Every structure is written in structure tokens, then in C-alpha cells.
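Position 1 is the first residue of the sequence; numbering continues from there. All values reported here derive from a predicted model rather than from experimental measurement. Ligands are counted one by one from 1 in listed order, and the atoms in each one are counted from 1 as well.
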Amino acid sequence: QIQRALRSLCIPLERLHIMKGHMMQDMCKGLSRQTHAQAKVRMLPTYICSTPNGTEKGNFLVVELCQNQVRTLLVTLYGDGNMSPQMMYKFFDMPEGMMQGEGEALFNFIAQCVSQFLAETTTPEISTSEEFLPLGFVFPFTCQQTQLDKAELLSWSKGFSCSGVVGKDVVQMLQSAINKQEPSHVQVVALMNDTVGTMMTCCTEGRPCEIAVVADKGSNCCFMAEAYLVEMAEETSGRMCVNTEWGCFGDDGTLNDILTPYDVSVDEESCNPGEKRFEKLVGTLYLGEIVRHALIALTAEKALFTGTDTAVLKEKGVFTMQHILDIINNEDGTSDVKRVLEVLGLQPSERDCGRVQQICRAVVGRAATLHAVGLAAILSYMCQTRDMETLMVNVGVEGELYKGYRRFEEILQSVSRLLSPECLATLLPSRDGSGRGAAMVTAVALRLAAQRRAVNEVLGPLRLTHADLEKVQALMRQEMERGLGKNTNATASVRMLPTYVSHTPDGTERGDFLALDLGGTNFRVLVVRVTEEGISMASEIYVIPAAIMQGTGDALFEHIIDCIVDFQTKQNLMTQTLPLGFTFSFPCQQVGLDKALLLTWTKGFTASGCVGQDVVQLLREAAHRKQHSGLRVVALLNDTVGTMMSCGYDDPKCEIGLIVGTGTNACYMEEMRNVGTVEGDQGRMCINMEWGAFGDNGCLDHLFTHFDRVVDETTINPGKQRFEKLISGMYLGEIVRQILLVMTEKQLLFQGRASAKLQTRNIFQTKFLSTIELNGLALRQIRTILNELELDASFEDSVLLREVCQTVSLRAAQLCAAGLAAVVEKMRENRGLERLSVSVGVDGTLYKLHPCFSYNLQKTLKELAPNCDVSFHLSEDGSGKGAALVAAVACRTA
Ligand code: ADP
Ligand code: MG
């Protein structure tokens, strides 16, 4: 019988694995908004989003509501890595009946304790200080917390039942009571339970502790979860401590198959049968009872205490945890066991003593093992959700079982290691979690609040309100009008260049075309076949050597002809004269579809003798010199126009082109009657806005931040392309880098230490923004980037870094939207429509690859232009396909 009893208390390894899985499932249930209400493992958010980093400093008050007592503490932290906090404390006994009396009286009493404690213990310096004294409130009852300092009591327990408190914000109640006292400069900053405090006390410098296990009368655990997984809290970035309330694990029956008859009896005799099933297997409040029921059963089976009086075993609670500890911690012999049992009034034989010891060991060993299962579930969950292959983490441990049972630590360590081999947990003893820990929570909350203020100060100027964006929209509209006006065009910052493209494709275009693409990342020659079945293309990339880019114009265009000849030869096109469209992505003053004067070179080109010349003519002359007669240049266009045209082939509503890549620009179909710079009033013409230069006349100066000015000053064209420098890929990374430098200087990042690498211009690439902003914090990639930059970043640094990136890319998308809003609203008014439905063809790597840019752009556009339905199409090879289509449309409409 003894063997059977012992076996029933021993859970096989495979069963432990299954339990761990159940625990993980229940944790997910508790975290999810949909299933939270039914979840047994409640996973309550604590709104504690950081652990101490050792810089916490100052005086912190703590008040803890205990059984029949109130404890007050004053903790002084010195910013020395929390190595030597100074503490003073005092217990106050509660008056008789207060636990069941009026809530207001309870809170008034707590407030009196605080004020009396302060009067007795603090130096005049603290008590007369003008600054408020922060207080942490340890309130170990189940609360619905919605902020660090806002928590509604859900239900009393532990013998408390004060009236008028359930459903109220207990922080508010305490603060009101304190405000009635002298001195009243105490401010309740944080509310927490004791588990969280345990985690916080185990953090020392450079060694964050992110899990706490309390193995005491009850059992509980908390850990730092990824905040976005804690769906009950609004916080989505960084981490948040979650109070698992794992004592209720198994209340839905998941633990039924490991329950022994003794456990069932313990539960039936408890004041809350069916509840807290896990806690009743592991809490020291229950272990004595489990042993007692085991002994009763074995006595009945005549396996113990035969022929002696065992009436004492009927008494609930006679077996305390201390008795058990005395019995099991005695390694040699059974004399202590005998003594303990005799004191209880039993008359054990030598054999009885051995057997009782075995039973006690099995019960306590099982409790330790089950703690390990819970810990393993948390370890694996953290490892998975942090996207790590291995997890190294510190675990704070506290409680009677941990302190009293010598093998607890060993079992917790080895069993959790067996169940979660991918994780390495280091157990740290915690001292006075509820007191010192509460001070830490309070201190961390204040540190975070101060940091938040400082971060907002830095990022504030980059955050644009709806009104700011409306103003940008209005300014863009104004500059558009000026650019279109015959007399105002010369001084407008938005050039509004006519393109002589007057129709978008209608899908009836047919034929073979040649296309050139110069001014993007590569120089390409293409042949584009537009047929009934669709568009097919072949292309070749050609290198333009730097010597030619910076040589003479004649040589440049002759080189281009050579490339065309090479391409035509390879494609077997030498005998045909195909119409050619030329995508030339440099600012041009177009005077006809095939006549465009180069205004200025950009992107590293400086070929002489071109500025002010007709680019098409230069190409034709080069062909002539090279005796290439089979060339028919039909159209020259900007890549923005090509983008619009290529999308227009599939969607006739596409009348806008947008580029957000290295630079940014847009074009759209404007009414001829509004284009003051071109003769004629009939029909429409595509206008190449060249909106990157918006603001070059100073009209956006109010938006530019310190960071924008620094970035602008270090470019090759300071003062130029100001709008583009807020938006496009060439600049966003650099803006972020400038912000990081300032934040580091202000000690907000990287512990104030910027690497030499971070000082290097353009080292922070815009593609990093995409990686960093990807949802769910792909931490591994962020770490790779930070390593590349030789930055020593904590988790919180990564979170802040992401916020910086988000702020910069959001502003870029919003400004882009404000520009587009001006365009679509103008088109709507032009056409006298109540609602405009229009499409935008978009190209550019930033738009295409950034995880949030397009979403933010479209969302903001909806807000700014609510009467326009705008859809977006990604252009595929706008400059190649678009060039052919411009040529095709020209041939069709000729
Ligand atoms: P171009 O405008 O010269 O035709 P692209 O459209 O390819 O070139 O855009 C290049 C720009 O896109 C570069 O400035 C680069 O910073 C940016 N970029 C490249 N990869 C990414 C990415 N993954 N996320 C955001 N931006 C990127
Ligand atoms: Mg491009």
C-alpha cells in the first residue's frame, strides 16, 4: 500500500511534458482578448514595463496590506546598481474587525499609518521637501488593473470583506485618504501584488531578472512578456510583466488525472472546493493537509500506526508545513521524525517513522516538481515569443517552500531543464519582495515617466497633428497653383512641368516599341511588345562608366547609341525602325512630347554641353554621327509619368503617378485650361509636379526639425529638395541616425555611449527602418543591425529605436499623403465632382518594401481627402513599360 501511495504521488516525465503543454496553452488563453474571460490562468497585466537597471535613485515609500497588519517602509536607492538600498519599516496592527468593516475606514487607517510612519522615521529633509514622495502600494488581492496606478478590486479574499471597495479604484481610494492627512505630499504611483515585487528585487546591475516564482502558502509566478501579446493591455511595444495567477491552473479539469484521493479530500474540505487546483497541490498551506489525508488513508489500510490511537489525524490543520520540513530535512535516522510525530500525539513505530518520512518527501517533492513544470512552461513560452533559439534568464524565487525545503531549488532547476532544454534559468534568492520590490516598481515607474517625457521632447517636433497636415495640404495646393500659373511658375517651388502626355492608355494600344531608361539605378534598353494578350518585355542592363557620366555630352549619347545597337543586334531588331520612348529621370523643361530641355543634371551625372539642350535632339544627333538611321524617338518622359502610364494600361482610372524610392515625385492629369504654361484649353495633360522641391521657397520651414536641418546641411544640395528630404529613402535613415545621436547624448539610449560607427554619415540605411518596424519585433534581426553598428543595446534600447523609426517613417508617409491629398482634391474640384474615384500608380522601394509606409499613407490620405476614393497599384517596371506606352499612346492618338 505504501508503494502504491508513493507511486500515485510521483508523476511520470511524459505526463509532466503534457502538463507543461497545457500550461502554455492556458497562458495563451489568458493573454488573448477573446478567451481571457474564460481562462483559468488569468495572466493579468501589471503595467510594469521595465525592470530596474540600477540607475534608480531617491526615496520611496511602500505600504503593504497584510493579514491583520499594515506595513510601511521607506526605501532609499542610491543609483548604485541597487547594491545597497537603505530600508526602514514599521508594522501597524489593524483594529479588531477592520478587515470586515467599512472600506473607507480601512483606507483612512492605512493613510494614518503612512503619515505616522513618516513623522517618526523621516528626516526633516524628506518631510518638508516640496517634491512629492512616491508611494508603492502592495495590495495582494485580485484586481482589474488598467494602469500602473489604476486598479479596480474584483473580489476580496484572505478574510477581508470591507464594504464599498469592490468595483472601485483602490489607488484612488488610498490617494484620497492620504490627501486628508498631513503631510500630504505623498503620491501613489504604483499598485502591485507581491509576486512582481519578488522579480524586481532580484535585478541587479547588468542582470535583469524577468521571472519570479513565489512558492509560499499559495503559489504564483510572473514574468516579462512581449507587450503586444498581452492583449488585455493597450500597450503594444516593449514588454510587460504579467501576473500569471497560475494557482487556478487545472480548475477546468486538466489536472484531474494526476490528483490522488488525498488531493480530492483536501479540496473537498477547503473553503473553495474545485478552485485553485494547482495551488492546492503546491502551496504550503495545503501540503500538511495532503500528508494528513495520506496518513489517514494508509492507517485505514493498516499500513501505518497499527493498533495505536490516531484520532489526532482527524483534526484539520494539525500537520503544519513546519512539521513536514522537520520530518524531511532530517537526513540521517528517524529520531526527529519520531519526536515530531510524538509531539502530535501519535505513537509511531520505527517502520512508521520511515514510511511517514517517505510520504512527506513524496508530497513535497511533487510540489517542487510541479513548480518546475510551471516554470518550464514560462521559459519555453518566453523563448518562443522572443524568437530565440536559446533563452538565458534569471529567475527570482521566494517563499516558505523554497526557503524551507532543501531540495526545492535543485528540483526546480533540474526538472525545468529537462522539460525546457532550450532554456537556461539561473535561480536567484529574493529577499523581501513585497517591500523592497514595491519600492523598485515605484522607482522604475518614475524612471520610465522621466524618460518618456525626455523622449517626447525629442520626438515631439516630428509628430504632426491633423491640423499640421491640413496646412501642408493647403500649402501644396497653393504651390501647385503657382507652378501652373504662367506668371508665377518661375518662382514656385513646385515646378508643375508639362509633359505633353495628354492621354492615359485605353488598352487598345498595340505594337512593338523600344524603350530607354536613364536616371534610375541602372541604365537599360528594352523592347516592349504590346499585344492582345498583354505586355511582354526583354531588356538588357548596360553600365555607364563614371568617365562617361562625367565626360562630354557627345560621348555620353554616343555610348547610349552603342548600347542600343548592341541590344538591337542581340534581339534581332536591326532591320526594323521601332518607335522609341525615352525615360529620362532628370528635371527637364519639356516643350513637346519629344522635345525636352535639360534643366540640371543630378545623381552623379555631369556630362558637359547638355544643360539647356534638347535631350532628344542630342540623342538623334549622336545616332546620326554613329550612322544609325533606324531610330525613331517618339517621346521623352519622366519616370513618374512612366509609372502612371504602366498602371494605366490595366486600370483606366489610373491618372496619378507616385514615386517613393531614392527620391520622391508625383504626376497627375490636369485640365489644359489650368495649365497656364502651355497654349490651349482643350483636354488634359499630365503634369510632372517635381514635388520633391516643395518647400524650397521656405514655405515648410515651420516643419523642419533640428534633425532635418542637419541632414539637409550635409547633402550635396543644401536648401534644395526640402520636401523630398523629409520623405524619401535617401534621407530617412540619416534622420533616424541624427535622432539616435541626440538621444544618446541625452542618456536616453545605449547608456549614453554612441559607437564610432554611429557617427558615420549614411551608416544607418533606410532599409533598417523596414526591418526594425516589422511587427512583432523581429529581435534577432534588430540585434544583427545593432551589432553591425557596434552598438551595445538593451532590450529597451531596441524598443526606443523602433519608436524613433516609426516616428520618422510615419511622418514621411503622412507628408506624402498631404501632398497627394492636395492632388486628388484638386482633380475632384477640376471635374466638379462630389466624389472622385481615382487610382495611383506607385513605384519605389521605400513604398514597396517598408512594412507600414503604404498603410500610413493611405490611412492619412483618407482622413485628409474624405471625398476621394483612391486606390493604389504597384507599378511593375514603370520606366520601361511606361516609356513604351507613352510611345504607343502617342502613335495611337497621332
Ligand atoms: P530609385 O528611386 O533610384 O529608382 P528605388 O525605388 O529602388 O530606386 O529606391 C531606392 C531607395 O530605397 C534607397 O534609397 C533605399 O534607401 C531604399 N530602400 C532599399 N531597400 C529598402 C527597404 N527594404 N525598405 C525601405 N527602403 C528601402
Ligand atoms: Mg525608380
Is the number of heavy atoms from other residues, nucleotides or ligands under 6.0 Å of Gln765 CD greater than 12? yes
Backbone or side chain, does any N or O of Thr662 fall under 3.5 Å from an N or O of ligand 1? yes
Under 4.0 Å, counting heavy atoms only: does Met730 come that close to any atom of ligand 1? yes
So the atoms of ligand 1 within less than 4.0 Å of a heavy atom of Gly661 turn out to be 2 (O), 6 (O), 9 (O), 11 (C)
Between Leu846, Thr845, Leu732, Thr771, which one has a non-hydrogen atom sitting closest to atom 7 (O) of ligand 1? Thr845
Atoms of ligand 1 under 4.0 Å from any heavy atom of Leu849, numbered from 1 in the order shown, are 22 (C), 23 (N), 24 (N)
Verify the distance criterion only: is there a donor paired with an acceptor across the side chains of Gln568 and Asp566 at less than 3.5 Å? no
Please walk me through it: do Lys725 and Asp708 pass salt bridge (Lys or Arg N to Asp or Glu O under 4.0 Å)? CA-CA 8 Å; Lys725 285 174 187 165; Asp708 302 314; over 6 Å; no
Checking Ser839 against Asp651: is there a side-chain donor and acceptor pair closer than 3.5 Å? yes
Heavy-atom contacts with Gly844 under 4.0 Å: which atoms of ligand 1 show up? List them by number with element. 6 (O)
Trace of the salt bridge (Lys or Arg N to Asp or Glu O under 4.0 Å) decision for Arg709 with Glu713: CA-CA 6 Å; Arg709 284 188 287 272; Glu713 279 159 20; over 6 Å; no
